[in-house]
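Note that the structure is predicted; figures quoted are calculated from it, not measured. Every chain is numbered from 1, with letters handed out A, B, ... down the list of sequences.
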Protein chains: 2
Amino acid sequence: MSVQQRRERERAVRHELIVRTARELAESEGWDAITTRRLSERIEYSQPVLYSHFAGKDAIVAAVAEQGFAELAAARAAAGTAKEAVVAAIHTYLAFAEANPALYDAMFVLGTDLPFAQATTPAPLLAAFGQLHDVLAPLAGDRDSGVFTEVWWSTMHGLVTLARGGRIPAGGQEQRVAILVYQLTGTPP
Amino acid sequence: MSVQQRRERERAVRHELIVRTARELAESEGWDAITTRRLSERIEYSQPVLYSHFAGKDAIVAAVAEQGFAELAAARAAAGTAKEAVVAAIHTYLAFAEANPALYDAMFVLGTDLPFAQATTPAPLLAAFGQLHDVLAPLAGDRDSGVFTEVWWSTMHGLVTLARGGRIPAGGQEQRVAILVYQLTGTPP
DNA sequence: CCATGAATCCTAGCATCGCTAGATATTCGA
DNA sequence: TCGAATATCTAGCGATGCTAGGATTCATGG
């Protein structure tokens with residue numbers, strides 16, 4: 001039985017190698033540059049090996065995305081007052097997106113058929129949304145805190161994607177965050 | 001000289017045919033289903049004809065996007081009070097995105113190398129942003145109205161893309177708009 | 001009215017893509 | 001040490017965006 005265990009261990013290592021390599025490659029050259037051939041070359045295996053681990057390229061992207069959900073959930077910022085918590089959460093979110101653009105795309109832009117807000121939604125994703133909810137809920141007033149969170153998440157997501165696509169100047173995010181905080185808390189940051 | 005004029009006219013007609021067909025095809029089957037072969041078959045010309053009109057597939061998408069900018073700018077809503085104008089603008093924007101998902105993607109999601117907020121930015125795009133700015137500026141208070149507009153545009157864009165990707169339930173947009181209006185104007189819609 | 005030159009368009013092909021079938025090499029148990 | 005099962009690779013399929021070069025059409029000058 002030990003043989004099989006070793007093999008499963010080796011498979012798991014290679015599985016992780018594929019995900020890590022895909023992420024590194026995407027982060028350095030963008031998802032468009034990720035082809036199964038280049039990826040297989042990087043991990044020093046042939047193409048079909050990828051398909052013994054994943055159903056297809058989309059599944060690899062999804063695996064990278066899931067890593068991202070876990071990391072985003074883990075990037076919990078230190079919380080002081082309610083307002084400080086909101087400011088910290090916003091900066092954490094935007095910094096995460098800026099530091100890991102390809103990862104962010106895998107999570108929130110690509111693969112529009114991920115199971116979100118469903119029974120099969122990945123736990124780390126629920127955790128990440130839950131953290132944002134916890135921080136924003138105190139500011140919701142008499143409005144539904146879940147919908148309230150969705151709206152402000154949309155704002156942050158819009159800021160990230162519009163800035164990344166060059167639709168709004170990439171440089172002015174601080175000013176926008178200031179307005180965001182003002183709008184949320186009623187006072188400047 | 002008349003011959004050349006007729007030819008230019010025919011070229012313009014075919015140019016418009018390509019853009020219109022690409023848009024229809026994208027709207028009915030999604031941009032992923034748009035290939036140069038399928039597109040050329042639809043217009044009943046061979047593939048290379050496309051390249052005599054456009055530098056490549058991206059340029060065709062960009063041409064479709066530019067149509068969208070013009071239409072969005074033309075979809076100016078009737079304005080009453082400042083608040084009514086804001087509510088109308090939000091609904092106009094979201095309705096536009098919902099009615100023309102592929103067009104919206106061409107405008108704001110695909111082709112991240114479009115010239116936005118630059119000297120070469122298409123005039124209809126500036127017009128569309130300017131209209132949004134005119135509506136939102138009265139609510140900006142002491143904050144920069146341009147940045148203020150960018151933030152709320154980001155919110156709407158986030159609502160559109162997250163809902164389209166299934167990240168937030170597609171059904172609850174009305175509730176989110178209500179919160180959006182409340183947050184902007186201080187009173188429920 | 002015809003031949004010539006240019007403009008126009010299409011056939012055929014290239015490199016690359018995601019993915020897969022069948023052959024080959026490797027490894028383990030008896 | 002040998003046979004069987006497992007693991008991996010080579011080779012290839014259909015489809016992609018895009019392009020070169022030949023064929024066809026067409027206006028024009030004699």
### Query
Should A/L72 and A/Q131 count as side-chain neighbours, where that means a heavy-atom distance under 4.5 Å?
no

### Task
Using whole Å, report how far CG of B/L17 lies from P of C/dC9.
13 Å

### Query
Can you tell me if the side-chain N/O atoms of B/R14 get under 4.0 Å from OP1 or OP2 in C/dC9?
yes

### Query
Atom OH of B/Y45 to atom P of C/dC10: distance rounded to whole Å?
7 Å

### Query
Taking CG from B/L50 and P from D/dT19, how many angstroms apart are they, rounded to a whole number?
12 Å

### Query
Are B/W152 and B/Y93 near enough that their ring centres are under 6.0 Å apart?
no

### Task
Starting from the 5' end of DNA chain C, give me the residue, A/K57 or B/E44, whose nearest nucleotide shows up first.
B/E44

### Message
Please report the distance, rounded to the nearest Å, between CG in B/D58 and C1' in D/dG17.
### Response
10 Å

### Task
Using atom CD of A/E41 as one end and atom P of C/dT16 as the other, report the distance to the nearest whole Å.
12 Å

### Query
What nucleic acid atoms does B/L39 come within less than 4.0 Å of, heavy atoms only: base, sugar-phosphate, or nothing?
nothing

### Message
C/dC17, OP1 or OP2 - any side-chain N/O from A/T35 closer than 4.0 Å?
### Response
yes

### Message
Please report the distance, rounded to the nearest Å, between CD in A/E10 and C1' in D/dT8.
### Response
13 Å

#### Entry: For atom CZ of A/R11 and atom P of D/dA7, their distance in whole Å
7 Å

### Task
Specify the separation, in whole Å, of atom CD1 of A/I60 and atom P of C/dG18.
9 Å

### Message
Between A/R143 (side chain only) and A/A140 (backbone N and O only), is there a donor and an acceptor less than 3.5 Å apart?
### Response
yes

### Task
Check whether any side-chain nitrogen or oxygen of B/T36 sits under 4.0 Å from OP1 or OP2 of D/dG17, and answer yes or no.
yes

### Query
A/P48 or B/A55: which one's nearest nucleotide on DNA chain D is closer to the 5' end?
A/P48

#### Entry: Parallel, tilted or perpendicular: ring planes of B/F54 versus B/H15, cut at 30 and 60 degrees
tilted

### Message
Regarding C/dC19, can its base be found pairing with the side chain of A/Q47 as donor and acceptor, where the two atoms are less than 3.5 Å apart?
### Response
yes

### Query
D/dT16, C/dC19, C/dT20: which one has an atom nearest the side-chain heavy atoms of B/R37?
D/dT16

### Query
Hey, are B/E24 and B/R42 close enough for a salt bridge, meaning a charged N less than 4.0 Å from a carboxylate O?
no

